[in-house]
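I have placed the structure first, in the form of structure tokens, so that the comments after it can refer back to it.
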Protein chains: 2
Amino acid sequence: MRLTPAAVLDAAITLLDEAGLDAFSTRKLATRLDVRVGALYWHYPSRQALLDAVAEQIVAEASATPIPDGDWPQQAAAMIHALRNAMLAHTDGARIIVEMDAPGPNALAYIERLRGLLAGAGMDRATAEDAADVLTSYLNGYTIEEQAHKADQQRADADRGFAFGLNVVFAGLRTITES
Amino acid sequence: MRLTPAAVLDAAITLLDEAGLDAFSTRKLATRLDVRVGALYWHYPSRQALLDAVAEQIVAEASATPIPDGDWPQQAAAMIHALRNAMLAHTDGARIIVEMDAPGPNALAYIERLRGLLAGAGMDRATAEDAADVLTSYLNGYTIEEQAHKADQQRADADRGFAFGLNVVFAGLRTITES
DNA sequence: ACCTGAACACCGTTCAAGT
DNA sequence: ACCTGAACACCGTTCAAGT
């Protein structure tokens, strides 16, 4: 079978899910695809470009989750939870997102949508950008930590702790929009 | 000169600051110390153990910053800013902290102190732990992102954005203690 | 006790040459 | 256009042997 960028990406995600980011290598990936390492470089310019494509895929999964009707904190929370779930669906998903080199169209659309939601709540453009950063920074920081020490705690505990913190952040953001 | 754990650690921090985490290798470190690679393994069991020691050192720098008198949000903010400054003082400092394998005594003392501060604000033990997680998750997420895309924005912009978010988190935490 | 020498089992990336 | 073969310049870690 002929190699395609999509086939390489699919195999990369499978390998990543099984082995984790640190054990992910272009050589292991080539072996799985029954191809020599160099062949990968025809389809992707580097290991990091491949990982960036994986990050885009993860954001795509998050963006596929519909955002229900509701007020802006509910909708923003739904967006954050959707991205969190997509990250958790993949080994080291949070690190793959954060260590992304250049954000692709999916990542840009996601962040723009989140900013738009916050601007709709009455924040000016600059404040909406800062507020979106608070939400994604908290999401990334919490989830990287969680995935780094996976065996330590149950998923339910982590979900509760994350939801607590997200509520704290929204409570803080409300004090801004209500002033 | 005889090699000591402290000398290895010092050289590791210097190399890390100059080259960054991804370019940090035990072999480059050995070359700098004018020693064969294997010699390092007499003093540290692995590359990661060495990085953990660096993380401990960074936390030590943070803990050396005195916490001024004030109410609990001021004191907690001082602790967070101290750790942030220590991270920013080293290339990829945030990643080194977050990718730490096992927290050492400095890291444990730092987190315990932060939790104590929050418990002193009237939170029960479990809530204080969750609240400390919100603060450190936000700090880690924001600072990893900032250090990953260093050239993109000025330090002053990043500081302002970080302070904005930290205020948001504290505003959220206050709504809890005041209920 | 501490370090060297040398190996083992890997890496990412490049590129002429083949098809 | 796409892939192989083969190399280049690296990695982390181990361990017998030296001092």
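Just so you know, these numbers come straight off a predicted model, no measurement behind them. Each chain gets a letter, A, B and so on, in the order the sequences are listed, and its residues count up from 1.
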N-O pairing of B:Asp101 and B:Arg47 below 4.0 Å:
no

Would you kindly say whether B:His90 and B:Glu61 are connected by a side-chain donor-acceptor distance under 3.5 Å?
yes

A:Ser25 side chain: which of D:dT13, C:dC11, D:dT4 is closest?
C:dC11

Whole angstrom is fine here: how far is it from CG in B:Leu29 over to P in D:dG12?
10 Å

What is the distance from CG of A:Leu50 to C1' of C:dT13, rounded to the nearest Å?
14 Å

Atom CZ of A:Arg2 and atom P of D:dT4 are separated, to the nearest Å, by 11 Å

From the list D:dC3, D:dG12, C:dT13, which nucleotide is the closest neighbour of the side chain of B:Tyr41?
D:dG12

Toward the 5' end of DNA chain C, by each residue's nearest nucleotide, A:Arg27 or B:Arg27:
B:Arg27

Can you tell me which nucleotide in C:dT13, D:dC3, D:dG12 comes closest to the side chain of A:Leu3?
D:dC3

Write down the distance between CZ (A:Arg36) and P (C:dT13), rounded to a whole number of angstrom.
19 Å

Give the nucleotide from the list D:dC3, D:dT13, C:dG12 with an atom nearest to the side chain of B:Ser46.
D:dT13

Do A:Tyr142 and A:Ile58 sit in the same hydrophobic cluster, where Ile, Leu, Val, Met, Phe, Trp and Tyr count as joined when their side-chain heavy atoms come under 4.5 Å apart?
yes

Going through the checks in order, is the salt bridge (Lys or Arg N to Asp or Glu O under 4.0 Å) test met by B:Glu178 and B:Arg174?
CA-CA 6 Å; B:Glu178 285 166 3; B:Arg174 259 187 276 255; 5.2 Å; no

For the C1' atoms, the ones on C:dC10 and on D:dA9, what distance do you get once it is rounded to whole angstrom?
13 Å

So, does A:Lys28 get its side chain near the phosphate of C:dC10, meaning an N or O under 4.0 Å from OP1 or OP2?
no

From the set D:dC11, D:dA1, D:dG12, return the single nucleotide nearest to any side-chain atom of A:Trp42.
D:dA1

Whole angstrom value for the distance that separates P of C:dG12 from CG of A:Leu15
10 Å

Interatomic distance where CG belongs to A:Asp34 and P belongs to D:dC3 [whole Å]:
12 Å

N or O in side chain of B:His43 less than 4.0 angstrom from C:dC3 OP1/OP2
yes

Is A:Glu18 paired with A:Arg32 through a side-chain N to carboxylate O contact shorter than 4.0 Å?
yes

What I want to find out is whether A:Glu112 reaches A:Arg125 closely enough, with some N-O distance under 4.0 Å, to be called a salt bridge.
yes

With a 6.0 Å cut-off (strictly less than), is the heavy-atom count around CG of B:Asp124, excluding the residue itself, greater than 12?
yes

Starting from Watson-Crick (N1-N3 plus N6-O4 or O6-N4) and G-U wobble pairs under 3.5 Å, report the runs of at least three that DNA chain D belongs to.
C:4-8 with D:12-16, C:12-16 with D:4-8

For a quick check of understanding: with a heavy-atom distance under 4.0 Å over all strands, which category does B:Tyr44 fall into, base, sugar-phosphate or nothing?
nothing

Can you figure out which of C:dT4, D:dT13, D:dC3 approaches the side chain of B:Ala39 most closely?
C:dT4

Rounded to whole angstrom units, what separation is found between the CZ atom of B:Arg47 and the P atom of C:dC11?
15 Å

Can you tell me the distance, in whole Å, between the CG atom of A:Leu40 and the P atom of D:dA1?
19 Å

Is there a donor-acceptor contact under 3.5 Å from the side chain of B:Gln147 to the main chain of B:Ala94?
yes

So what does A:Val37 touch, heavy atoms closer than 4.0 Å: a base, only the sugar-phosphate, or nothing?
base

